[in-house]
Engineer: 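Submitted below is the structure of interest, expressed as structure tokens.
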Amino acid sequence: MRMLKPVAVPLIAVGLALGIGAIILAVSGANPIEAYGALIDGSLSSQKTVGRTLEKATPLIMGGLAVALAFRAGLFNIGGQGQLVVGGIFSAAVGFGFEGLPWIIHAPMALAVGALAGAAWGSIAGILKATRGAHEVITTIMLNFVALNLTDWLASNPWKDEGILSRTPAVEESALIPLWGSFPTGFLVAVAASIGCWYLLERTNLGFEIRSVGLNGDAARYAGISVQRIIIATMAISGLLAGAGGAIETQGVIGRYEPGFNAGLGFNGITIALLARNHPLGVIPAALLIGAMEAGGSMMQFNADVAPEITDIIEALMLLFVATPIVVRWFFSRQEAAEVSVTAGWGSS
Amino acid sequence: MSDLFIRFRWVILTILVFVFVTLFTAEFQQAQTTAVLASALRQSTPLVFGALCGVMCERSGVVNIGIEGQMLLSAFVGFMVASATGSLIAGILAGMATGALMGAGLAGLSVTLQGDQIIAGTVLNIAAFGISSYFFQQGLTLPSGKTPQVSLGPLADLPVIGRVFFINRPLTYLSLILIWVVWFVLFRTRWGLWTRSVGEVPSAAETVGISVARVRYTNLIAGGCLAGLGGAYLSLEAVGSFERMMTNGRGFVALAVMIFGRWNPIGIWGAALLFGYASAVQTQLQFRGWLADDPQFIGMIPYVVCIVVLAGFVGRARPPAAVGQPYSRE
Amino acid sequence: MPDHLLPLDSPTAVSDPVGVAAPPALEVRGVTKRFGDVLANEDVDFRIERGRVHALLGENGAGKSTLVNIIFGLYQADTGEVRRNGEVVNLNGPRDAIAQQIGMVHQHFQLVPVLSVAENVVLGDEPTRHGVVDLGEAAAVVQRLSERFGLDIDPQSIVEDLPIGIQQRVEILRALYREVDILILDEPTAVLTPQETGHLLEVLRGLADTGVAVVFITHKLREVMAVADEITVMRRGRVVGHTVPADTDESDLASMMVGRPVELRLKRTPASPGDKMLAIVDLVVNDDRQTQALNGINLDVRAGEVVGVAGVEGNGQRELVEAVTGLRGVISGSIILDGEEIAGRPPRQISTMGVAHIPEDREKLGLIGAHTVADNMVLNRYHHRPYSRHGIRRPAAVDDEATRLVEEFDVRPPNIAAMVATLSGGNKQKVVAAREFSHESKVMVAAQPTRGIDIGNIEFIHRRLIEYRDAGMAILLVSAELDEVLGVSDRVAVIYGGRIVSCEPAEGIDRDRVGRLMLSGADG
């Protein structure tokens, strides 16, 4: 039982969430079997819907990694959404702003600029925490609102497309991350990022420093690690991942930045990171699960006449069961519940 | 008294500057100044409710990051109930009950199960968002309209102040009373002493026979009622309908207000008025057509102010020592 | 509100000189308590009589604290019973214990630092008027109580501003306010000077004379012999002996406590000091609240000597250690390490230049509990070769070093892949010591190096300190245990109010004089 726990807790959490979701569906007058059938239909039934699931999962992996990595340093990055839209619009700017570049240069360049823009946005919260002690939970949320206003302004003023809509022009073809059949190649970038995060955390000195700061900041400082530097670096890498997620969305899915740009990430990054128990490789299956629900949501509305917001409730339930000690207390012994605490205290900086 | 002045000098100074500027402008633009001030008070009201919820929770040692969700779901339930029953009072009570229930949920997760408090609060936020979106039906209205305006007789005739403070709607008056009630409870009563000791050194409270769990549950539920009032204020008093995500980050701004107000209800009032003033000025700017082409910059103001305040003050204010840590005896 | 002017000396104190008829004030029978795999108390019997001071003696981890926490209702026994005046009582929380007039002074003071003395004393049982706490009445009660028991305290002062010894009086007052019959003190003298200890023992004697049953937990034999009427000794969760001072002596008690004969004195050769390795000159450092904690300290440590810093906690020791190791900024003055200025440099640089540091709080500072023993063994050298290259870690090299150190320092269990948090206190401290001694540093700063560990491990650490001294290391020892400072050091410096008030050879030093210096900064 002990060995199975890392996998068992998320699985039980998902099962419970789907079960309660079914009850909510039934109570609100829908047929749960039909609804879940439509959900699977819309996400896994054909090559095309699987491709769509992978497409949805890609930014979710990046957003999940952003949260998971920050958690490992004891930081709670709720700002994935803001970092993602900033990354998205900057990659769009590079994408439509340069003409005639070969694909091998243009696409990576747009991706890199988007990622760096996300990193810069993420590091603001890191700097405020490291130098001023402002808690990242509030600053990252506030920065989300600022980012949404800022990208909205950019898309309706300097980088506005012709026409009435507040959106950027379409990116050049040379900046697109192409589909390979119905398989979105951006997904491979996300998988590579997961492996990269795992390597960073487990095999590098920086990863050791990040984990040490996350587990015991005072001891890390005693050991000569600059806690401030690690906080800023972690938030920058976290933002880099989310920003890259936004860039992939721009270059691989939408083709430009427009209002409502992947509003779907929301708090999903947190759910995914916690389902994965903050393990970078665990983020992939967790993101696929949420991605499938997102992809199948519209089919559910179409076939079973269920509002797609039910997936928000199911995701909240998953988070409830995986992030709090409920499942551990119910299914495992009491003492093991103590491991759940992941974030650093409020007043500490 | 001088002690109080030193502790809140930044809040007091900022308010004095605003008052001075306002009085100065009031000389030649009384109507507009009054409008801005009245709007500041209205904008500050949900922040007061939210921050009072925060202070009840944090003084007992529990971080409540879920105020946003409590306000959102209370706004939703309050509106639905008022819309269905036609009774505003039923709506307000339903809002309070929703907030209280969510407070109890947060207590269950963080006190009984000793889970991570910030994650527990995040769960509240996401759940509130999901539930209010899924069950929301477009096109519902309030048969009785918004809560009515009540003017307090002769007080309302005072120049400037009368229009700002004494012609308001019931929940706004209630928020002004609750500031002092919460202050009194926290700093003068036995319960307040217990709350503060539980929030500082829970084991010390436990060794003199105070039940940490009971204090935290009670405060989280009471705080939930306050956040619920904040939600009801938004849907039943300020707007008169429910919109998705209508809290728009106010629950988080309320936390910044609480920190800026140094975990003290009176400080919180000052800080909330400051934020309310920033929002009122924002509305006024839009009204006058300044930055008309770039409304996004005006939209950022409250959030940027919030970040600046946090960055400037959080390090200097001292939170209750036990905030964020689950407590267990063994 | 109970009336606090009633005399505490109830007739029960002297009513029954023979002691057959009346049951003991409190009796524990067959108590067993388990925490996970650890058996903290095993079939423990323990009797407390009115009007007597009962010393509960044992090493760290012997189960004393567990036993008194059961009596105070903080823990519940797995089996066995607690009888109060002969009747079985259920103590499910401190509230129940308080109702039984049991009071406790905790080892880690259970006070709220931001509240006043009066608020702390009445907390949980406040005088109120119409639901409002009557702080005037509270202050008056505290004033009366403190006068009556000779505990001089200002009820209005804020607890965090008070010295440790006074904070302890607040804890005692809190018990007296509740008119306890049984007062338990958990390691009350750990942080006191000899003079403060003397005063405390007098207060305890006085309380016992009024009929209170006093339980006094300690591992200090001298105090036991001085004040106890009865002695119970615990070892590894069991009661291993019960006696009275007249029938025993210190070395007997020590053997009973440890389970084998012990050397009470550290065997050591005289030091042969060499060059000046560490020179602290006019050092000024602030504490966390930005008030001056060190007011121009001067102190030298030579190669091959141990300089011990004695002092009551909170007189600048922590700031001194943190400034020397780079964890705290320096306002002015200098710290010279073997001819080089290190004041104000970052911790990593100072460590690389040759300052090792055993921190006072190994759990909070010295170790990362969720890392493995191996990772903790290289916690401040992971970035050096061979443990990593070009930023990439080399686990094999880390494991080799850790295996060597675990063997050399006899860390148990010898499993380098175990999480450090699973080790006992003594073994955790060995991990810290192994890591710090293995640096081959010039200077070792050892802060409270034996706090909370058992005698076997204390001996081990002390022997290592002397060995490394003999190998030429300069050792700055900071300890709240005066006996440790006097026993291990070659020179003893006394710190008081952020100044070194005396520094002299340890040989033939007068213990009482050092105590007076610790207490008042002056000799006499």
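Just so we're on the same page: letters track the sequence lines, and every chain starts at 1. Just so it is clear, the values below take in all heavy atoms, side chains as well, and ignore hydrogens, waters and symmetry mates.
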Engineer: Is Val114(C) in contact with chain B via its backbone, its side chain, both, or neither, using a 4.5 Å heavy-atom distance?
Structural biologist: side chain

Engineer: Please find the pair of heavy atoms, one from Gly209(B) and one from Pro94(C), that lie closest to each other, and give the distance.
Structural biologist: N-CB, 4.3 Å

Engineer: Is Leu123(C) in contact with chain B via its backbone, its side chain, both, or neither, using a 4.5 Å heavy-atom distance?
Structural biologist: both

Engineer: Once you round to the nearest 0.5 Å, how far does CZ of Arg188(B) lie from NE2 of His130(C)?
Structural biologist: 15.5 Å

Engineer: What is the minimum heavy-atom distance between Arg190(B) and Glu126(C), and which atoms define it?
Structural biologist: NH2-O, 2.8 Å

Engineer: Heavy-atom distances under 4.5 Å only: say whether Phe72(C) touches chain B with side chain, backbone, both or neither.
Structural biologist: side chain

Engineer: Quick one: closest heavy-atom pair of Ser197(B) and Leu115(C), and the distance?
Structural biologist: CB-CD1, 4.3 Å

Engineer: Could you walk me through whether Val208(B) and Arg178(C) pass side-chain contact (heavy atoms from CB on, under 4.5 Å), step by step?
Structural biologist: CA-CA 10 Å; Val208(B) 295; Arg178(C) 286 169 169 75; 3.8 Å; yes

Engineer: Tell me which of these, Ile210(B), Leu193(B), Thr207(B), has more heavy-atom pairs under 4.5 Å with chain C than the rest.
Structural biologist: Thr207(B)

Engineer: Hey, are the side chains of Arg196(B) and Glu119(C) touching, using non-hydrogen atoms and a 4.5 Å cut-off?
Structural biologist: yes

Engineer: Counting only heavy atoms not in Ile158(C) (residues, nucleotides, ligands), do more than 12 fall under 6.0 Å from its CD1?
Structural biologist: yes

Engineer: Can you give me the closest heavy-atom contact between Leu111(C) and Ala204(B), atom names plus distance?
Structural biologist: N-CB, 3.9 Å

Engineer: Let me know if His106(C) has heavy atoms under 4.5 Å from chain B in its side chain, its backbone, both or neither.
Structural biologist: side chain

